Colleague: 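The structure's right below; bear with me while I get my questions together.
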Amino acid sequence: MDSSFRTPEQDREFMKAWEALKQQADNTVSDRILDYFSSEPGRLGDMTASCGDLTLDYSRSAMSLKVRDELLALLKHSGLDAARKAMFGGELLNNTEQRAVLHAALRGSARPTASGLGDIIGEVDAALDSMTRVVQRLHSGSWTGFDGQPITDVVSIGIGGSFLGPEVVVEALRPDWHDGIRVHFVANVDAADILNTLEGLKASNTLFIIQSKSFTTQETLTNALTARAWFLGDASVGALDDSAEALGKHFIAVSSNVEKAQAFGIDPENILPMWDWVGGRYSLWSAIGLPIACQIGMPLFRKLLQGAAAMDEHFLTAPLEENLPALLAMIGIWYNNFKNIGNYAIIPYDQGLNDLAAHLQQVDMESNGKSVQRDGKPVFSQTGTIVWGGAGTNGQHAYHQLIHQGTRVVPVDFILPLRSRQTGRPLSERIGIEQIQKHHRMLISNCLAQSQAMLTGKSLEQARQECLNAGMNESEAEQLAPHKVIQGNKPSTTITVPEVDAFTVGQLIAMYEQRIFVQGVVWNLNSFDQWGVELGKQMCSSILPLLEGGTDASELALDPSTAQLVQAALEANR
Ligand SMILES: O=P(O)(O)OC[C@H]1O[C@](O)(CO)[C@@H](O)[C@@H]1O
């Protein structure tokens, strides 16, 4: 892969289209989204696209159909075709680390043809077989611990991509949880995280999965050592002749660094593979997804992969005007680069997807938070976007105030499951299905109300009338009305799925992954490295010895503020 996605000819056309969009942005400053619905009669249909049962309605985006078309024209000159081919073909797209980017191969949608990759498909199949063996043993109760008791609790220890993706999927699919297994996650190096988890667990029934592609991540290794100390500190384990053998039954790993995992004491038989052609933030589809499989079983894990594969297929074949990742990417480019809106919120009306924004924060911000292009030259525009959000309706009682009346614009992706799966949960019989369905009707109404309020707002006159209707006199109404005005004209998209199941969760996450990839192509970035996180890691490893008393602070060239804080920490712990 050349360091740029575009040929010089494409680049010229791309820059022309970019300039034309700048002009459009100036021309449309005072446009109102609601007016587009009357001036563009076909808008709703033209701005609705689907991948199977997953539908994107972006008719409430802050763009005319003309702008949408110009954005897609820009995308056609971006080099997307070559970049897609390179990614799915296994070329070294991650050009600063000379690595292929093949998470799509994990879900069976990439057939890499580049040389030197070995038998990737065979390795992926073998890893799925290993996962199957682990999960079968757990679910059948035949994986027993050091004293012959079956495993009931699985603790996944990992951070970043080795945590966020698996955690959101496990939470999203609660109705599918296996009865006999409970998966827990530990990520933060704050001891509270692991202690909170270990309280209430028993060594005999607990299996730890140490999830680290590199097996060098400080937080994960520290938590793994704490877990090992907790395990070995159990009185029955302590009484054994061979605690190493016991350890082998309770610790497994997923890593590409077999040597380090083995040195930690993990039986090589129990080390599942990871590869350098899978980026951490794209790894939930690999054996890093083992906690998911432990919680919902392999058939549903495979359904998750199928959902993602269906989205990949759509991404590769659907025309750009119907292509969900491409459309979402270009909506984001419009806001980010032409409307000066540097953030977006992901708000699923589904409690299980509460942490989706946290996962996509890593995928988006770690991938596209870059200041140089693929060849190391400075970027030509803003890149990356601040991603945030959380489940509705909770956010309505927190940050929606700013969305409706603040001075900043927050484009929102509402994610709405049309049906609830909570009616299938055991407690719903006792409570009554109708009551559970009522919850879901309220959830849907709230979601629709929020996007409607963002669009239409409330005028000063409406606010004044409202005050008068509530019994205020003219002067009282006059005073209060401005506070009740809601500007409206705030952009949103709504993504609906029939329900939250393994397939649709796979589709959703893959859709965002590919959206982020497309934006990286437009900005001409390497979206698959993360050098920005390294400096903090390096500095941490020089500050830590100061706190441990092993190094004299004067040996390090600390800035005055850091030096003062180190001193404060030392004194507080004296
Ligand atoms: O799986 P590992 O190697 O422990 O890395 C964990 C995370 O750390 C990072 O390298 C940096 O935050 C992420 O990209 C990755 O997901």
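Remember, it's 1-based here, ligands and their atoms both numbered in the order they're listed. Keep in mind that what you see is a predicted model, and the values were worked out from it rather than measured. Values below: every heavy atom of this structure, side chains too, minus hydrogens, waters and symmetry copies.
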Colleague: Who pairs with D153 by side-chain hydrogen bond (donor to acceptor under 3.5 Å, both in side chains), at least two apart in sequence or on another chain?
Modeller: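 Listed in chain order: H184.
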Colleague: Using distance alone, with no hydrogens and no angle criterion, decide if Y512 and D413 have a side-chain donor and acceptor under 3.5 Å apart.
Modeller: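 There is such a pair (donor and acceptor under 3.5 Å, judged by atom type) between the side chains of Y512 and D413.
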Colleague: Are W388 and Y399 close enough that their ring centres sit under 6.0 Å apart?
Modeller: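 Yes, close enough.
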Colleague: With sequence neighbours excluded, tell me which residues meet salt bridge (Lys or Arg N to Asp or Glu O under 4.0 Å) with D529.
Modeller: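 D529 satisfies salt bridge (Lys or Arg N to Asp or Glu O under 4.0 Å) with K370 once adjacent residues are dropped.
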Colleague: Ion pair present between E513 and R107, side-chain N to carboxylate O less than 4.0 angstrom?
Modeller: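 R107 and E513: salt-bridged.
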Colleague: Under a 4.0 Å heavy-atom cut-off, what residues line ligand 1?
Modeller: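 Those residues closer than 4.0 Å to ligand 1 by some heavy atom are I159, G160, G161, S162, S212, K213, S214, T217, G280, Q362, E366, Q530, V533, K537.
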Colleague: Could you note down all residue pairs passing ring pair (Phe, Tyr, Trp, His ring centres under 6.0 Å) where residues 186-217 supplies at least one of them, sequence neighbours left out?
Modeller: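 Qualifying pairs, neighbours excluded: F208-W230, F208-F251.
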